[in-house]
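See structure below.
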Amino acid sequence: MSPSPKEEAAALTEQLLRWSRAYFAKDEPLVPDEDYDAAMRRLQALETEHRDLRLSTSPTQRVGSAPLASFESVTHRRPMLSLDNAFSPDDLSDFHRRVSERLKANDIDYCCEPKLDGVAVSIVYEKGELALAATRGDGSTGENITANIRTVRNVPLILKGQGIPPYLEVRGEVVIPKDAFNKMNARASAMGERVFINPRNAAAGSLRQLDSRITARRPLSFTSYSVGVVEGDLPDCHDETLRRLSDWGLPVSDYMKTVNGLEACEAYYESIALRREALPFDIDGVVFKVNSFAQQERLGFVSRAPRWAIARKFPAQEVSTQLLGVDFQVGRTGAITPVARLDPVFVGGVTVSNATLHNADEIERLGVCIGDRVVVRRAGDVIPQIVSVVQHECVLEGSTRDAIVFPDACPECGSDVDRQDGGAVVRCVGGMSCNAQLKAVIRHFASRKAMDIEGLGDKLIDQLVDGELVANVADLFYLDAESLSELERMGGKSSENLIKAIEQSKATTLPRLIYALGIREVGEAMARALASHFLALEDVMAAPVEILEEVDDVGPIVAKHINAFFSERRNQEVIAALIAAEVNWPVASTNFGDGPLAGAIWVVTGKLESMGRDRAEQRLRALGAKTTGSVSAKTTTVLAGSGAGSKRKKAETLGIEIIDESEWLALMEELE
Ligand code: I6G
């Protein structure tokens with residue numbers, strides 16, 4: 001007998017919850033995405049047909065709901081406090097001394113966690129069901145963002161397991177992981193939409209949406225870091241409590257560790273500081289908490305912060321300084337970028353004297369003028385940026401507060417400029433007759449991830465272009481050692497080495513070549529997607545806009561850029577000249593199952609830093625490998641990302657080769 005709609009909906013709900021828990025909480029997908037999507041569509045259809053089956057806890061309710069007029073206020077039953085900060089080893093040892101003195105003990109266990117740079121929220125579960133979510137606000141009163149939090153994929157709508165308190169308030173941080181942020185911004189820019197300044201702003205902006213359907217499209221992720229009001233039983237220490245939350249399906253930090261004493265806290269701080277750049281999300285320090293709740297209670301609070309916790313902050317990534325002036329730089333697509341000249345400041349571990357101001361829109365958004373005191377942010381390897389104006393003041397002697405005026409002509413070649421996107425982007429129309437554009441094009445073409453021509457540095461490119469030895473990228477392959485040796489600081493040996501490096505670069509791959517061409521908005525990932533979709537350069541070149549749009553992540557704007565690039569006669573001539581110079585790449589097989597990994601069976605597990613698992617599997621399949629979701633004796637290799645669990649263990653037991661992400665990326669470089 002076939003199940004009733006109610007039974008079918010219940011079974012689908014249970015299955016979807018189990019799958020999504022495995023995917024989001026444990027990072028171990030149980031089924032392919034297509035199966036998940038099909039089950040979700042079936043449940044949506046059932047709920048549309050039978051309205052009474054649509055429960056607030058249904059997995060279908062994550063897609064967002066009709067916009068709110070405004071957010072209601074929520075008074076926190078227990079205030080959401082802030083944390084005291086430690087900015088130096090001395091501050092941390094003072095904290096430990098205070099704790100030890102008050103507890104009259106030296107032997108103190110601390111639970112350590114990275115401090116996520118996101119948005120603090122409180123989520124209340126009543127009888128195990130998500131009932132209310134609120135922002136921190138001023139600590140006493142926040143905003144009701146329940147509809148938005150429901151859309152965050154790793155926040156369970158219902159808790160599972162035993163011993164769940166009837167009333168449980170969980171507190172934690174909502175962030176957007178760095179990788180997802182970069183993809184989201186790349187997509188936004190390909191679609192011609194506004195990009196976000198950093199992951200924290202993007203997370204905050206996403207939670208502030210009155211329309212939760214918009215929030216649902218943002219890659220938000222929640223990590224629990226403590227509990228608030230709890231009616232029911234919990235363990236008697238912090239780390240056990242977090243483990244209990246995790247058992248109930250709530251995400252907690254993978255990096256949590258309990259240590260004993262001050263030295264171990266310092267070592268934890270150092271180890272996280274070293275891994276900071278490689279972590280999947282932005283952090284601004286680490287938090288140390290006295291682990292025992294009894295000891296926490298004895299320590300109590302001082303003003304608005306607990307005495308039992310401290311945030312040891314990393315050196316500032318944001319500092320303020322004076323904007324001294326603005327230069328205009330011409331990039332490889334002719335875009336003229338305003339670059340701020342700053343009074344040098346030490347930020348994020350280096351001295352910064354320049355920062356990007358992006359474009360005219362950004363200058364208007366910031367309301368910044370020359371002479372203003374501005375906040376500069378430097379995170380990781382990204383170009384420092386100005387995030388806000390502190391105050392409109394002018395301390396430059398004898399000068400006034402000057403508006404930033406875009407040039408009417410290209411500052412490099414004097415060509416006219418074209419104003420696009422409502423004036424936000426100003427572009428030199430000079431093309432390759434503008435030496436600044438030509439130099440930038442060659443720099444990109446020769447760069448490591450493109451054609452990888454070793455030894456072709458900026459100074460040399462300047463000389464090649466200024467001396468009219470090179471007028472396009474193909475000309476590089478027609479240089480000879482004799483003419484090179486006449487250039488400044490280029491002896492016979494260096495010239496020969498460069499010619500050798502240029503010669504070696506001819507054997508390339510299709511993704512590298514597509515990336516090297518420097519098509520607007522086509523980064524490495526998109527070049528790979530184009531290559532694996534079309535397999536042959538001629539097919540990418542001939543593809544109309546509609547066909548290009550079928551490729552992963554290629555939106556209408558990028559499709560137009562790609563099509564326009566290959567329609568340009570000059571570009572066709574340069575590509576013909578590259579091929580005539582014997583630039584070559586392996587021709588991809590259309591028959592998956594052939595290729596360097598033919599016969600191999602791969603399993604991809606855990607979290608990858610550089611891409612999603614789907615994309616990694618696609619790349620393996622394009623090389624002929626078969627990919628499966630579970631490890632068996634037939635598996636040949638397991639690619640284990642961070643947090644890989646049972647699959648890794650099983651592979652170890654079976655003696656199957658396990659490789660990590662960096663080894664895998666190196667292998668891909670070699671094989672693709
Ligand atoms: O802002 C915070 C970030 C991380 C916290 C926090 C935390 O624990 C890992 N813990 C507490 C208790 C508070 N703020 C108040």
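Please read all numbers here as calculations on a predicted model, not as lab measurements. Ligands are counted one by one from 1 in listed order, and the atoms in each one are counted from 1 as well.
- Taking all atoms of both residues into account, the shortest heavy-atom contact from G142 to H76 is N-NE2, 3.6 Å.
- Atom CG of D109 sits about 6.5 Å away from atom CG of D107, to the nearest 0.5 Å.
- Note: F95 and Y110 have tilted aromatic rings, judged against thresholds of 30 and 60 degrees for the angle between ring planes.
- When the shell of 6.0 Å around CD of E297 is examined, it contains 12 or fewer heavy atoms from other residues, nucleotides or ligands.
- Test V290, I310, N106 against H96 for side chain to side chain contact (heavy atoms under 4.5 Å, CB included) and you get one pass: N106.
- Residues of the protein with a heavy atom under 4.0 Å from ligand 1 are L81, L83, E113, K115, Y225, V287, K289, listed by chain and number.
- With respect to the salt-bridge test (charged N to carboxylate O, under 4.0 angstrom), the residues E652 and K649 do not qualify.
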